[in-house]
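Encoded as C-alpha cells, the structure appears first; notes follow it.
Since the model is a prediction, treat every value here as computed from it, not as a measurement. Atoms considered below: every heavy atom in the structure, side chains included; atoms not considered: hydrogens, waters and symmetry mates.
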Amino acid sequence: MNSRIAIVSDSHGNATALKAVIRDALEQKAAEFWSLGDIGFGGANSKECFELLAQQNTTQFLMGNWEASYNEVLTKKVFNINDLSDVYFVMLAKYEYEHLGSYWNQRLLKLPLTAQKQRYNRIFSLTHNLPTKNYGPALQPTQPQANFDQLTLDPKVDVALYGHTHTPIWRYTQQGQLILNPGSVGEIFFSRTRLMQNRSASYLLLTVTAEGITEVDFRRVPYDGEIELKKAAAQNFPYMELYQKNVQTGKIETHNQPLLKKINEELGYRRVAQEFITSLQSIQVDH
C-alpha cells in the first residue's frame, strides 16, 4: 500500500490553473490533498478555488499571508488611504467579501498557521512560510541555510513542506531533514526570465509507503490562461490590467506605484476603498 498526496499552494484565486492541477493529481491517483495557503486572493475566483479543494479529500488548509491580510481588513477595518498598495488590497478585499459569502469568510478566520501530519512513520510539518511568520522573504531560494533550519525546530519532523516563494524547492536542513516547496499553482515564479516563460501551474506529488518516501514528483500542468482572464473580466474583477500581465508573463505589479496611482485615479478606487471600509464599521465579524 502507499499514500499518494498532492501538495498545493498559492493558487491566488486562479481557478483555471487549480482545476488543471486537481485533474492531473487525480489522474496520478492522488488520494489526498494538503493546501499550504494563499489559495485565494490576487485573482478573480478565490471562492471557486476554496470550493474546488473542499470537494476533494483535502485534509489540511493553512492560512497564507494573503488570507491573513484579508482577515485583517475585515477585523481591524482600517487602512492607509494614502498608501497605493493598501488601496489595491482593500479593493481586492471588497471584491472577495462580496463573492466569498459568510461560510468562507468565517472559515478563513479560523485557518491555522501550521500543521503536522504523519503518514506511516514519516512526520511532515506544514507551513506557508516560517512557522511563526507566514509572510516575508526569509525562505526565498537564495536565503541563508539558518533560515531554512527554522522550519524543523521540532527534531521529530522528517519533511518540512512550505509555500509562499512560488518557486519549487528541494533542499535539506543541517540535520538532514527534507525541505520541499511545491511552487505556485496560479503564479509560478523564477528569478530567471527564460524560466518564467513557462506559465504552467506547479504542484508536488508525494508517494509515501511503509519503506519511506518513494517518489517526489514536481509536476507542471499547462492550462489556458485566457479562460481565466475572460472569467475575471466578466466578473468585473478590479485591476484587470495587473491580473492580465501576471497571468500572461508572471510579472507582479502590486507595488508599482506609478501604475497603481494611474489606475486608482482613473477608476476612483481610492474613494471606493474608503467607502467599503466605512461600510464595514457597522458589520460584526466574529473571530
Side-chain angles (χ1 to χ4, degrees), residues 2-12 32-41 53 58-72 75 107-185 187-191 202-218 287:
N2 66 59
S3 180
R4 186 161 286 184
I5 309 154
I7 316 298
V8 298
S9 190
D10 297 275
S11 54
H12 283 287
E32 186 176 3
F33 288 77
W34 294 347
S35 165
L36 304 182
D38 279 4
I39 293 305
F41 309 100
L53 285 175
T58 302
T59 60
Q60 188 63 60
F61 285 88
L62 294 184
M63 184 184 294
N65 57 294
W66 283 66
E67 282 96 355
S69 294
Y70 176 70
N71 291 338
E72 186 175 16
T75 55
R107 186 166 177 182
L108 294 186
L109 286 169
K110 298 175 175 63
L111 291 177
L113 283 177
T114 66
Q116 196 170 100
K117 298 286 190 181
Q118 181 170 342
R119 294 297 176 268
Y120 296 95
N121 64 343
R122 301 306 190 268
I123 297 175
F124 300 81
S125 69
L126 282 65
T127 61
H128 183 67
N129 190 48
L130 291 168
T132 58
K133 184 179 179 181
N134 64 3
Y135 60 94
L139 298 178
Q140 293 291 336
T142 56
Q143 289 293 328
Q145 177 66 40
N147 291 11
F148 291 91
D149 290 338
Q150 294 179 55
L151 284 167
T152 54
L153 296 178
D154 182 347
K156 298 192 302 295
V157 170
D158 298 301
V159 182
L161 300 167
Y162 82 100
H164 187 56
T165 69
H166 295 206
T167 306
I169 294 170
W170 180 337
R171 62 181 295 161
Y172 298 87
T173 69
Q174 293 190 78
Q175 283 68 46
Q177 295 140 306
L178 188 59
I179 298 174
L180 299 171
N181 186 316
S184 171
V185 171
E187 295 183 357
I188 188 71
F189 176 79
F190 295 94
S191 59
S202 178
Y203 80 103
L204 176 63
L205 190 66
L206 291 180
T207 304
V208 188
T209 72
E211 286 71 40
I213 300 168
T214 60
E215 187 175 12
V216 178
D217 188 359
F218 287 92
H287 289 277

Given side chains that start at C-beta, do those of S9 and Y203 come closer than 4.5 Å, heavy atoms only?
no
So how far is it from [X] [atom1] to [Y] [atom2], rounded to the nearest 0.5 Å?
| X | Y | atom1 | atom2 | value |
| --- | --- | --- | --- | --- |
| T127 | L161 | OG1 | CG | 8.0 Å |
| F41 | S11 | CZ | OG | 10.5 Å |
| T132 | Q150 | OG1 | CD | 7.0 Å |
| S35 | M63 | OG | CE | 12.0 Å |
| I7 | Q60 | CD1 | CD | 10.5 Å |

Taking [X] for its side chain and [Y] for its backbone only, find out whether a donor-acceptor pair lies under 3.5 Å.
| X | Y | answer |
| --- | --- | --- |
| Q116 | Q118 | no |
| T114 | P131 | no |
| N71 | L108 | yes |
| K133 | A138 | no |
| H166 | S184 | no |
| N134 | G64 | yes |
| N147 | L139 | no |

Before giving the answer on side-chain contact (heavy atoms from CB on, under 4.5 Å), spell out for L204 and V216 the whole-Å C-alpha distance, their side-chain angles and the decisive distance to 0.1 Å.
CA-CA 7 Å; L204 176 63; V216 178; 3.7 Å; yes
Please step through side-chain contact (heavy atoms from CB on, under 4.5 Å) for the pair L109 and T75, ending with a clear verdict.
CA-CA 9 Å; L109 286 169; T75 55; 3.9 Å; yes
I'd like to check the side chain to side chain donor-acceptor pair (under 3.5 Å) partners of [X]; sequence neighbours left out, ordered by chain and number.
| X | result |
| --- | --- |
| S202 | none |
| W66 | none |
| Y135 | none |
| R122 | none |

Taking side chain to side chain contact (heavy atoms under 4.5 Å, CB included) as the test, write out the residues that go with [X], two or more places apart.
| X | result |
| --- | --- |
| Y172 | W170, L178 |
| T152 | V157, A160, T173, Q177 |
| Q140 | P137, Q143, T165 |

Atom of [X], atom of [Y] and distance for their closest heavy-atom approach:
| X | Y | result |
| --- | --- | --- |
| I213 | L206 | CG2-CD2, 4.5 Å |
| N181 | G183 | OD1-N, 2.8 Å |
| F61 | P112 | O-CD, 3.4 Å |

For residues 144-158, which residue pairs qualify under salt bridge (charged side-chain N to carboxylate O under 4.0 Å, His left out), counting only residues two or more places apart or in two chains?
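For residues 144-158: D154-K156.
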From V208, T209, N2, residue fulfilling side chain to side chain contact (heavy atoms under 4.5 Å, CB included) relative to R119:
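The passing option is V208.
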Among D38, I39, V8, D10, which one satisfies side chain to side chain contact (heavy atoms under 4.5 Å, CB included) with V185?
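Only one of D38, I39, V8, D10 forms a side chain to side chain contact (heavy atoms under 4.5 Å, CB included) with V185, namely V8.
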Quick one: which residue pairs count as a ring pair (Phe, Tyr, Trp, His ring centres under 6.0 Å) with a foot in residues 137-165, not counting sequence neighbours?
H128-H164
Before you tell me yes or no, could you show the steps for I169 and L180 under side-chain contact (heavy atoms from CB on, under 4.5 Å), namely the whole-Å CA-CA distance, both residues' side-chain angles and the distance that decides it to 0.1 Å?
CA-CA 6 Å; I169 294 170; L180 299 171; over 6 Å; no
Using the ring pair (Phe, Tyr, Trp, His ring centres under 6.0 Å) criterion, which residues pair with F124? Sequence neighbours excluded.
W34
Please identify each residue that fulfils ring pair (Phe, Tyr, Trp, His ring centres under 6.0 Å) with F33, with sequence neighbours left out.
none
Output, in order, the C-alpha distance, side-chain angles, deciding distance and verdict of side-chain contact (heavy atoms from CB on, under 4.5 Å) for L205 and R4.
CA-CA 7 Å; L205 190 66; R4 186 161 286 184; 3.7 Å; yes
